[in-house]
Undergrad: 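After the structure tokens below, expect a handful of questions from me.
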Protein chains: 2
Amino acid sequence: MDETKPAKVTPARATISDVARHAGVSIGTVSRVLNKARNVKPALQRRVLDAAAALDYRPDSFAQGMRSKKTHVIGVIVPDLRNPLSSEAAAGVEEELTQQGYSFFLANSRYERGREENILNEFARRRVDGIIAILAHDQDPRTVEQLRRLPMPVVLLEREIGAEFDAVRTDQVQGTYRATRYLAALGHRRIALITVPTDNMSGRYRLQGYTEALADVGVAANPDLIHMAGYTRDYAVNAAYSVLSMRNKPTALIVSGGMLPGVLDAMRQLNLSIPDELSLVVLGDTELAALTRPGITAIRYDWAQTGRVAARLTISRIGGSETPPERVIVPYEFILRESCQELVGAV
Amino acid sequence: MDETKPAKVTPARATISDVARHAGVSIGTVSRVLNKARNVKPALQRRVLDAAAALDYRPDSFAQGMRSKKTHVIGVIVPDLRNPLSSEAAAGVEEELTQQGYSFFLANSRYERGREENILNEFARRRVDGIIAILAHDQDPRTVEQLRRLPMPVVLLEREIGAEFDAVRTDQVQGTYRATRYLAALGHRRIALITVPTDNMSGRYRLQGYTEALADVGVAANPDLIHMAGYTRDYAVNAAYSVLSMRNKPTALIVSGGMLPGVLDAMRQLNLSIPDELSLVVLGDTELAALTRPGITAIRYDWAQTGRVAARLTISRIGGSETPPERVIVPYEFILRESCQELVGAV
DNA sequence: ATCTATATTTGAAACGTTTTCCCATGCGAA
DNA sequence: TTCGCATGGGAAAACGTTTCAAATATAGAT
């Protein structure tokens, strides 16, 4: 048992012909047994199964893919692996996919269109059976065109492009509307909004919900209070810093989950306390929002659920479902915590 | 422009023979041009390249994989997609891999050995070029045996199995040692530890660093203060709840990053304040630790960096590197925040 | 028993590459 | 001028499956 060489001994995987030889049948028969085709005598079936087990046979996925054009692989694109939206959605997708015997490629676009394009090309080259995408820019005509040309089904997550693709998303309009109305009901009128750009659905719908809610309480949206021009943490810090240093600064702030860390960071620098000096609502609940003190009132979106739904939808499309493109909207949940205060002696 | 049918038109991808025909050469020549193998006359080279571009030719990865046995895919196993260790490491791996032209399968074991086994089998079947694994149980002999049999290189992340596999990890022993000594220096003697089980390296090394540090200050480790029997958030809540409700309860607590949410949750239920009633140090820095108030002193580990290093190492192994198995240890960083207090009038 | 219809099994083609083996061409040296 | 050798290009094999047509075995009916 003297292992001097750590070099791997590759035991040469058994192929289907090894199994056929071992069982004394043709490779065609082996294939049919393994693919559960009918019309194989029980006796032979046993022989084949035994042989396969004895040789520890596992079909080569490349040969399978080459022949049958099915890979049982799905490509998943997310814009930012570190963002809870991405990791939660990926977790949901994973749960559903592995349960159904699929594997997945995970790719990170980092919000760059060029990467997105390359990733889609790579997915096509690798012949994934389907694609689930959280796009960075769902309005870019080049991206849209590229998606159209793809030969496999595409399901959009938290994004929407007209009505021609399946899309699963949370209800950002209503969620943001609710957040805004909630703050308005507490007497706030100067409500700031810090979130992602309108390049993608999340930004657009949040802006819509925010604007509608303000309109409904008779307030005109003030552009100075709206910061939607970046994706990074640094951007969030700067946006928060600048909006919270205004002379006539807002009494309340709505921020998206991914930017909450940056905003809290800025607030700490400015030494602003919640909720006395600023009421805060976060769009998208996270551990941070739940566990920081005071707890931050949140609009909770179940991204893992959107991931699961998207995975199921993708698989049904792969299975040949030809119904018109679906739009699934997952509802939000209002989580009341301690970050908002009634504004006394308001404007 | 009336698009009534949203049905996908599959434009039938160009194959290498299409390119060959279009350029008026043999498929062998096309292959040689595209793979930059041997010499091809510049004129022909141009013709082939032009043809390939004109037909938008992209080689079928299955046919390539089948023939060349190289897939340019790496399998990554993580134990919990939602844990920062997993997502940070995955992000680091991703950065390095895509830069080098690799794709990766991401799989989630959920700390279950059965899943782990299936995932490894699936990776082998899909002939990934290499595997990067954060195992749930790095001491299980079946898992170890399975890894040994794998025909492709395996790099362990945050885990260690003897000296026979490449391993990249953070310095958990020293990190935990430092955390413990820090608390001891503040006068604490009853220091609790809540972290993952010793089934894997993280648990073992943390326990080691903790025990050594206590020994060095002349304190015997008290089993009642050590909770290392679970992975879930619920487990963390219960462990914290029980250890913090003891009659003679600890004055300080060391908790691993993944369990911090559960612990903070329990502390909230018990209405314990930091640092007055309990000093807290977290092993593994997170946004939550940084931004909750008071900020929680942390031992920071750069998991993304371990991911990048592991990816580089894997690729070099794939490239045929035959040097003895490497062990890379990424150092920790001590982040001082406000969660610890000097113990006055200590025991 | 014989024939026909059906059930089972076999053998081979096909999938799209890479790669090996061979042949043709052209050039320099003898 | 001829031979040898390097160089560039073509044809075909091989990779491990699935699938399809053809062949054979089985069973039922006469």
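Lettering of chains follows the sequences in order, A, B, ..., and the numbering in each one begins at 1.
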Undergrad: So, are A:Asp50 and A:Arg47 salt-bridged, with charged N and O less than 4.0 Å apart?
TA: no

Undergrad: A:Asp166 and salt bridge (Lys or Arg N to Asp or Glu O under 4.0 Å): which single residue from A:Arg327, A:Arg159, A:Arg317 fits?
TA: A:Arg317

Undergrad: Among all residues two or more places apart in sequence or in another chain, which pass the side-chain contact (heavy atoms from CB on, under 4.5 Å) test with A:Gln146?
TA: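 Expected list: A:Glu117, A:Leu120, A:Asn121.
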
Undergrad: Can you check whether A:Phe104 and B:Phe105 have ring centres sitting under 6.0 Å from each other?
TA: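 That pair fails the under 6.0 Å test.
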
Undergrad: May I ask you to test the A:Gln64-B:Arg125 pair for a side-chain heavy-atom distance under 4.5 Å?
TA: yes

Undergrad: Salt bridge (Lys or Arg N to Asp or Glu O under 4.0 Å) with A:Asp140: which residues, sequence neighbours excluded?
TA: A:Arg113, A:Arg142

Undergrad: Hey, what bend do you get for the helix from C:dA1-D:dT30 to C:dA30-D:dT1 if you fit axes on five pairs at each end, rounded to 10°?
TA: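 It comes to 50° between the two terminal axes.
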
Undergrad: Please encode protein proximity along nucleotides 11-19 of chain D as a string of B, S and -, counting only heavy-atom distances under 4.0 Å.
TA: --BBBBBBB

Undergrad: Mark yes when over 12 heavy atoms from residues, nucleotides or ligands other than B:Lys41 sit less than 6.0 Å from its NZ; otherwise mark no.
TA: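 Not more than 12 within 6.0 Å, no.
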
Undergrad: Quick one: list whatever passes salt bridge (Lys or Arg N to Asp or Glu O under 4.0 Å) with B:Arg312, sequence neighbours left out.
TA: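 Partners of B:Arg312 under the salt bridge (Lys or Arg N to Asp or Glu O under 4.0 Å) test: B:Glu96.
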
Undergrad: Do the charged groups of A:Arg148 and A:Glu164 touch, with an N to O distance under 4.0 Å?
TA: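 A:Glu164 and A:Arg148: salt-bridged.
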
Undergrad: Using a strict 4.0 Å threshold on nitrogen-to-oxygen distance, state whether A:Asp60 and A:Arg13 make a salt bridge.
TA: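 A salt bridge is absent here (no side-chain N lies under 4.0 Å from a carboxylate O).
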
Undergrad: Counting primed atoms plus P, OP1 and OP2 as sugar-phosphate and everything else as base, spell out the protein contacts along nucleotides 21-26 of chain D at 4.0 Å heavy-atom distance: B, S or - for each nucleotide, 5' to 3'.
TA: -----S

Undergrad: Please give, in whole Å, the distance from C:dT10 C1' to A:Arg21 CZ?
TA: 16 Å

